[in-house]
Amino acid sequence: MSTYRSIFKKDLFKGQVILVTGGGTGIGRCIAHELAALGATIIIAARKSEPLKIVQDEIQKLGGICDTMLLNIRDAAMATQVIEDIVAKHGKLDGLVNNAGGQFMSPASQLTSKGFSTVIDLNLNGTYNMCKAAFDGYMGEHGGQIVTIVAETRNGIPRAMHTGAARAGIINMTKTLAIEWGPYNGIRINCVAPGLIISSGMKNYHETMVDLLAHSHWMNPTSRYGTESEVSAAVAFLLSPAASYINGVNLEVDGGSSLSKGNPEGDELKYNPEGSHHPVYIGWPEGADNVHGIKHVDAPVKINDLLNNYKAIGRSTVTAIAACTLIPSSLASPIPVPVPSLPAEFQELNKRAGATVIHACTVPNSFAITFDDGPGTFTNDLLDYLYRKQIKVTFFVNGFNYNDIKNPDIAATVKRAFAAGHQIGSHTWSHADLAASSTNIDEEMTKLDVALKELIGKRPVYMRPPYGNTSPAALEYLGAHGYKVINWNVDTDDWQHPSNFKLNLQAYKNALQRDTTGKTFISLQHDAEPLTAQVFSKIAIEYVLSKGFNIMPVGSCLGDNDGWYRD
Ligand SMILES: CCCCCCCCCCC/C=C/C(=O)SCCNC(=O)CCNC(=O)[C@H](O)C(C)(C)COP(=O)(O)OP(=O)(O)OC[C@H]1O[C@@H](n2cnc3c(N)ncnc32)[C@H](O)[C@@H]1OP(=O)(O)O
Ligand SMILES: NC(=O)C1=CN([C@@H]2O[C@H](COP(=O)(O)OP(=O)(O)OC[C@H]3O[C@@H](n4cnc5c(N)ncnc54)[C@H](OP(=O)(O)O)[C@@H]3O)[C@@H](O)[C@H]2O)C=CC1
């Protein structure tokens, strides 16, 4: 049976006694396997005995030495007792890996003080309890190495303020302890700060979060998530003599994700949705997971699939990994063909027949980015971004769909978008299908016009039919009432796949991948969709800009700068 294959030399920790808290699952389990494979006597400790026993059994089967102890790191007395028991039973304590910890996700505004205290107590106080117990019980007199797993917190952790605060506290506590405990007690103490890691820990997240995470793994400078092995390797390094001159640091193992988060010009950055150019490091032996009943990793299925993908393609083959996140060809849409302008005689005919449906722009090199169904709860976030980038787009708004346009917050968003110079178009009052015989087209158009007139003092000329659906009767009505009907030639499908940014972006890529000379585009997405407003729209805009297009409202891209509205 093959053991964990560490990149470090065999017997690196032979004869050492090392405690790994939370060693029964995920990252802690991987660290326990690696250190045991390198010769250490490992003690894994946590609240639940069953996972500990399973990992102990795995390590022993592989020829390692492993002991288990029950421990709640929040309980200072229990921490003291566990250290005492280890020293009594194993004679010493060379290393402590503070891995136990966690949190739940919550926006700061919804966090209760009990919830905040709970996460601070677990992570900050819990880590303090362990460090203090290790110092008092052994290391203060004999020295030792301490490594604490925190989380990358460089620019805060949105929706996890409590854990960000706790981990930042630990990082600072670590620096102080390095100063106080280094010179006289021979202790080295450091932190490892993982970014998102494919581990069992992700099983604690809600399914929607897992779905989002599964689609976002390319959104960091290394274009993939990390592995438990990559965190474990950092821990092993910091515990080892190779790190003898490293004290009080926080080593980020995050693929560079902390570099952009929270930076206004960094969030929507320069991700490479094609896939990673970086090899992945996995210490487990080559081959399938779950060999000899030992699972390599136990992440949620969709996240584990990512890892299998990284593995299947190759651990060190740069080009192969770059291909690991291909969208199946069945999902790719055909290259959109811009609709050429009709000859004059047909334009006249068309007028009589009703409005023409427009799918593309006419101004060379223009790209109109359009948003339907809003305003949504996060449209303001999008407006902030558009302001920073000085980009104008078109919002085809509804009166009563996801939100009520008469709601003061929603009304204020429409006014803000209009005042900022974005084009406001009509998307009907209630998102009605204009091709359906039961739809009262006049009511749908007029009711929204009246509401918009009240809000922005004008009625829109440009409109988008919901679902892109029209009928001869609808076009006749719209033409007769002076509306310009706008559809699209780039459909991101974001309403159906709101967290699949990669799939959404594929529509843009299909449009822009070949020679685009002379071609112009109108794209469709939905600002009522929170993830589109917050994330995808920014990715799409960066992509279009990177291809050298000028982004503008639909009216401008059709050469019309003063006919967007009427009184
Ligand atoms: C694409 C972008 C995505 C970005 C995502 C970035 C996220 C980065 C975060 C950093 C990366 C870290 C990853 C990981 O850590 S992986 C997971 C590791 N494991 C865990 O996190 C463990 C899971 N969590 C828990 O077990 C518990 O939440 C916790 C231990 C933290 C608390 O458990 P405990 O049993 O002590 O506490 P209670 O359940 O009794 O709750 C106490 C009070 O806490 C509040 N609370 C608890 N859960 C929630 C919740 N889900 N939502 C809101 N509030 C919550 C609440 O006040 C509880 O008190 P009451 O029950 O009386 O109300
Ligand atoms: N996975 C990721 O993407 C990232 C993880 N991290 C951090 O890495 C560490 C490991 O995470 P991961 O393996 O993914 O998640 P897991 O949830 O699998 O691991 C957490 C471990 O901590 C133990 N634990 C929790 N509370 C206590 C407690 N009060 N006393 C003792 N043990 C406790 C748990 O065991 P039990 O419930 O039996 O006590 C569990 O084994 C955590 O600190 C996590 O926050 C940081 C950044 C990213």
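Here, residue 1 is the first one in the sequence, and each next residue gets the next number. Below, all heavy atoms of this structure are taken into account, side chains as well, without hydrogens, waters or symmetry copies. Order of appearance sets the numbers: ligands from 1, and atoms from 1 within every ligand.
Below 3.5 Å of separation, one finds an N or O of K114 facing an N or O of ligand 1. For the pair R167 and ligand 1, the shortest N or O to N or O distance does not fall below 3.5 Å. The shortest N or O to N or O distance between G28 and ligand 2 is not under 3.5 Å.
Only the side chain of S199 comes within 4.0 Å of ligand 2, judged by heavy-atom distances. Residue R167 touches ligand 2 through its side chain alone, judged by heavy-atom distances below 4.0 Å. At a 4.0 Å heavy-atom cut-off, ligand 1 does not touch H162 at all.
For the ligand labelled ligand 2, residue V150 lies inside the 4.0 Å heavy-atom shell. Contact annotation: T21 has no heavy atom less than 4.0 Å from any atom of ligand 2. Look at Q110 and you'll find every heavy atom at least 4.0 Å from all atoms of ligand 1. Remark: distances from the non-hydrogen atoms of G126 to ligand 2 are all 4.0 Å or more.
Annotation for ligand 2: atoms under 4.0 Å from non-hydrogen atoms of L122 are 26 (N), 27 (C), 28 (C), 29 (N). Ligand-side atoms of ligand 1 in range of M209: 3 (C), 5 (C), range being under 4.0 angstrom from any heavy atom. Counting the atoms of ligand 2 from 1 in the order shown, those under 4.0 Å from a heavy atom of L71 are 30 (N), 31 (C). Interface of T25 with ligand 2, defined as ligand atoms under 4.0 Å from a residue heavy atom, comprises 16 (P), 18 (O), 19 (O), 21 (C), 40 (C), 41 (O). Atoms of ligand 2 found under 4.0 Å from any heavy atom of N72, numbered from 1 in the order shown, are 28 (C), 29 (N), 30 (N).
Looking only at protein heavy atoms, the nearest one to atom 47 (C) of ligand 2 is P194 O, 3.4 Å. In terms of protein heavy atoms, atom 48 (C) of ligand 2 is closest to G195 O, 3.1 Å.
Y225 and H217 have perpendicular rings, their planes meeting at more than 60° on a 0 to 90° scale where under 30° would count as parallel. The aromatic rings of F135 and W181 sit parallel, their planes meeting at an angle under 30°, below the 60° perpendicular limit.
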